[in-house]
K.L.:
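Structure provided below as structure tokens; questions to follow.
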Amino acid sequence: MKLTDISRQLATAFAAVGVSGLVLVGCNNSSAPEATKQPVTEGATAETAASDIDPEHTKIVIGTTEGDFADMVRNQVKSSLEAQGYEVELVAFTDYVRPNLALAEGDLDINIFQHKPYLDNFKKENNLDLVEAFQVPTAPLGIYSGKKTSLDAAYKGMSVSAPNDPSNFARALVMMNDLGWIKLKDNIDPLTASKADIADNSKYDIEIVELEAAQLPRARDEVDFAVINGNYATDSGIKLTEALFQEPSFAYVNWSAIKSADAGKKWVEDVTNAYNSEAFKKYAHETFPGYKYPKIWGTDHSANTDTAANTAPVEAAAQ
């Protein structure tokens with residue numbers, strides 16, 4: 001199966017409503033259902049308050065998971081919006097459930113922590129009227145060295161560790177298919193690929209070692225190659241630029257989410273502009289090397305063009 005075939009199937013898969021609950025976000029490795037609020041910086045001055053902001057929405061509450069997404073708000077976005085005249089509050093969560101529920105209930109104005117397959121599935125299962133707004137830099141899944149330090153060192157009988165949760169395991173299989181290490185069956189759903197979907201493993205006769213995602217960095221010395229989630233790689237001190245191969249698909253680049261009723265409002269446009277500003281791009285490139293950057297930026301992403309990731313936000317959510 002060629003990469004272009006996988007890409008087309010990914011786009012088709014995202015258009016389907018019935019994405020199962022197997023899809024996970026994978027951008028934070030904590031599961032405790034807690035949230036912490038950042039103290040709000042002193043409000044805008046009289047001059048900035050008179051600036052061009054949304055007069056009906058002068059305070060923006062942003063929810064993220066703790067880690068890189070929260071840092072993006074603290075270090076760049078918050079000050080940018082406050083300089084424009086907004087009051088900004090950051091709420092940092094340590095789970096993947098409450099950010100969407102809090103958004104739907106009105107405790108947040110916008111959240112940033114999830115990829116589109118997860119959002120689509122979550123809002124379907126919980127009957128939430130949410131929509132994605134813009135992409136943000138995201139730590140991608142990658143293949144890292146274990147006992148072997150080069151992809152050219154691949155050999156028959158080698159071992160490759162991979163995350164054992166269904167969503168990320170499927171992503172690992174697609175990556176191995178892209179490399180030509182295995183061949184997946186034709187017309188499979190790449191979002192739910194499993195060992196049963198491997199058509200041919202005879203080229204390298206790979207021993208696939210399934211581990212909890214958090215264990216993958218620590219177990220690198222026990223396998224020849226390791227497929228590691230970006231957040232677990234960075235948490236363990238592994239630089240994303242050390243990856244021997246990163247998934248080329250933009251299917252798992254994370255999005256912000258808002259309530260559908262807020263689409264098109266000025267404050268949403270202002271937050272979008274803050275995340276797509278030249279200042280933020282410079283910060284992201286300097287702070288998060290090796291990340292997958294938003295497709296709209298038009299630079300530093302692979303030749304793969306995922307239709308699902310490039311669809312306009314409101315139209316994509318309606319699929």
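These values consider heavy atoms only, across backbone and side chains, with no hydrogens, waters or symmetry-generated copies. Just so it is clear, the structure is predicted and the values come from calculations on it, not from any experiment.
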K.L.:
For Y232, is there any backbone N or O sitting under 3.5 Å from a side-chain donor or acceptor partner on S236?
P.N.:
yes
K.L.:
May I have all residue pairs that pass salt bridge (Lys or Arg N to Asp or Glu O under 4.0 Å) and include part of residues 269-283, sequence neighbours excluded?
P.N.:
K266-D270, E278-K281, K282-E286
K.L.:
To check you understand the geometry: which heavy-atom pair defines the closest contact between S256 and I110, and what is its length?
P.N.:
CB-CD1, 3.9 Å
K.L.:
Quick one: closest heavy-atom pair of P137 and F69, and the distance?
P.N.:
O-CE2, 3.3 Å
K.L.:
Checking the side chain of D224 only, and the main-chain atoms of K147 only, is there a donor and an acceptor separated by less than 3.5 Å?
P.N.:
no
K.L.:
I would like to know whether Q135 and Y275 meet side-chain contact (heavy atoms from CB on, under 4.5 Å); could you show each step before the answer?
P.N.:
CA-CA 9 Å; Q135 288 183 320; Y275 272 92; over 6 Å; no
K.L.:
Crowded around D200 CG? As in, over 12 foreign heavy atoms under 6.0 Å?
P.N.:
yes
K.L.:
Within the 4.5 Å heavy-atom criterion, are V271 and F134 side-chain neighbours or not?
P.N.:
yes
K.L.:
Identify the heavy atoms of K185 and A196 that sit nearest to each other, and give their distance.
P.N.:
NZ-O, 2.8 Å
K.L.:
Where do E89 and K59 come nearest, in terms of heavy atoms and distance?
P.N.:
OE1-NZ, 3.0 Å
K.L.:
Over 60° means perpendicular and under 30° means parallel, so tell me whether H115 and Y118 are parallel, tilted or perpendicular.
P.N.:
perpendicular
K.L.:
Considering all heavy atoms of both residues, which atom of D68 and which atom of Y291 are nearest to each other, and what is their separation?
P.N.:
OD2-OH, 2.8 Å
K.L.:
For the pair K259 (side chain) and E105 (backbone), establish whether a donor and an acceptor sit closer than 3.5 Å, ignoring hydrogens and angles.
P.N.:
no
K.L.:
Distance-only, no hydrogens or angles: does the Q246 side chain make a donor-acceptor pair with backbone N or O of G290 under 3.5 Å?
P.N.:
yes
K.L.:
Any donor-acceptor pair under 3.5 Å linking the side chain of K203 with the backbone of K183?
P.N.:
no
K.L.:
Over 60° means perpendicular and under 30° means parallel, so classify the ring planes of Y204 and W181, tilted if in between.
P.N.:
perpendicular
K.L.:
Will you find, in the side chains of D165 and S167, an N or O donor that is under 3.5 Å from an N or O acceptor?
P.N.:
no
